Amino acid sequence: MKLHLWCHWLLLVIGLVHQFLVYEQPCVITHRRTRISYPCNTKLAVMLKTDLTKVHKELYTAKSQPALIFVPAGHYVAITGKGDPDGPVFAESTQALYTAAYSVKNAYKQAGQDFTVSKLEGTWWVEQEGYPRDAPREEWHWQLLIRMPDYVTSTIVQHALKTAFQKKQLPLLQKVSLVTLAEGRSVQILHTGPYSEEPATLKVMEHFIKEEGLVYNGRHHEIYLSDPRKTAPAKMKTILRQPVK
């Protein structure tokens, strides 16, 4: 009986040691097709799925009244263009960007570092001063963005883009890249309703900026919390952000 009990405890200890060796030690996982190495900690990779909207909750939530926040630097897959957001170039750019984001996600998922694809974002500007909405839509410049975890590297992004292009043959995938955006001090506010009604919310934010003695320090930024294909225009939620100094 004692021998049986001793064997039971020995097997338990061996199991715990094995679990420690397998799950606690740092490792390098090599992609089977590409020989690209992905550094990781297996225990964290198995247990966690990064969701940046929860990690950076303050950046993806806002109230109907403007507030001053600090936006740290972050990595984004991005594509830049110009023209009417209802036009074909904008739609094709959005498709290419989402294809890129999910391709990068899948590459890291295979290495045990899965993450949730974040919300679509966009910065907007025109050549002259003022908000883009004050200019003809054909003159709007935009950069569409999807935030990536900090561990995402340009090397893996470029490989994922090449793989996606081979499968999808989307020409605009060649315009997608990994960029760093550092906005710092910013004012943001939640807009509820269709995009066409944003000017009223922007006026509230503009008044707040003047009252606080701040000035604009970067491009107008929008974060699209709602899917326009599934949400009624009156219930659409968009975070409007303006870097300031």
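Just so we're clear, the structure is a prediction, and the values are computed from it rather than from any experiment.
Between the side chain of S186 and the main chain of G184, a donor-acceptor pair closer than 3.5 Å is present. S226 contributes a side-chain N or O that, together with a main-chain N or O of K237, makes up a donor-acceptor pair within less than 3.5 Å. No side-chain donor-acceptor contact under 3.5 Å links E198 to the backbone of P194.
With 3.5 Å as the limit, one finds a donor-acceptor pair spanning the side chains of H141 and E127.
Contact annotation: the side chain of T123 approaches that of H221 to within less than 4.5 Å [non-hydrogen atoms, C-beta and beyond]. Looking only at side-chain heavy atoms (C-beta outward), L161 and S103 stay at 4.5 Å or farther from each other. Inter-residue side-chain proximity for R185 and K245 is flagged as unmet; no heavy-atom pair is nearer than 4.5 Å.
Scanning both residues, K119 and T53, for their nearest heavy atoms gives CG-CG2, 4.3 Å. Across all their heavy atoms, L170 and A96 have their closest contact at CD1-CA, 4.4 Å. A pairwise comparison of heavy atoms in H191 and T201 identifies ND1-OG1, 2.7 Å as the closest pair. Of all non-hydrogen atoms in A107 and I156, the two that sit nearest each other are CB-CG2, 4.1 Å. Of all heavy-atom pairs between A100 and V176, the closest is CB-CG1, 3.8 Å.
Crowding of K168 atom NZ: a count of heavy atoms from other residues, nucleotides or ligands under 6.0 Å not exceeding 12.
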Margin query: Between E139 and R137, does the side chain to side chain contact (heavy atoms under 4.5 Å, CB included) criterion hold? Intermediate values first, please.
Written below: CA-CA 5 Å; E139 297 300 319; R137 293 163 68 93; over 6 Å; no
Next item on the list: Walk me through it: do T94 and Y98 pass the test side chain to side chain contact (heavy atoms under 4.5 Å, CB included)?
Entry: CA-CA 6 Å; T94 303; Y98 269 112; 3.8 Å; yes
Checklist line | Stepwise side chain to side chain contact (heavy atoms under 4.5 Å, CB included) test for V157 and M148 | finding: CA-CA 10 Å; V157 169; M148 297 279 108; 5.7 Å; no
Note to self: What verdict does the side chain to side chain contact (heavy atoms under 4.5 Å, CB included) test give for V215 and N217, after you've listed the backbone C-alpha separation in whole Å, the side-chain angles of each residue and the deciding distance to 0.1 Å?
What the structure shows: CA-CA 6 Å; V215 294; N217 188 36; 5.8 Å; no
Under 3.5 Å, sequence neighbours excluded: what are the donor-acceptor pairs made by side chains of residues 64-81?
from, atom 1, to, atom 2, distance (Å)
H75, ND1, T180, OG1, 3.4
T80, OG1, Q143, NE2, 3.4

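One distance of note links OG1 of T238 with CG of L225; it measures 6.5 Å at 0.5 Å rounding. Atoms CZ and CH2, on R219 and W142 in that order, are 12.5 Å from each other to the nearest 0.5 Å. Atom NE2 of residue H207 and atom NZ of residue K203 lie 13.0 Å apart, to the nearest 0.5 angstrom. We find the NZ-CG distance between K49 and D114 to be 4.5 Å, quoted to the nearest 0.5 Å. The distance from atom CD of E121 to atom OH of Y60, rounded to the nearest 0.5 Å, is 4.0 Å. Atom CD of E222 is separated from atom CZ of R241 by 11.5 Å, given to the nearest 0.5 angstrom.
For E212, the salt bridge (charged side-chain N to carboxylate O under 4.0 Å, His left out) criterion is met by no residue, not counting sequence neighbours.
Put simply, F115 and L178 are part of the same group of oily side chains (I, L, V, M, F, W, Y) that touch within less than 4.5 Å, one to the next. With hydrophobic clusters built from ILVMFWY side chains whose heavy atoms lie under 4.5 angstrom apart, V117 does not share a cluster with L145. Placement of I146 and I239 in two distinct hydrophobic clusters is found when ILVMFWY residues are connected by side-chain heavy-atom separations under 4.5 Å, directly or transitively. Hydrophobic clustering (ILVMFWY, side-chain heavy atoms < 4.5 Å, transitive): L202 and I223 are in distinct clusters. Linking ILVMFWY side-chain heavy atoms closer than 4.5 Å, directly or via other members, places W124 and M236 in a single hydrophobic cluster.
By the 30° and 60° cut-offs, the orientation of the rings of Y151 relative to Y108 is tilted.
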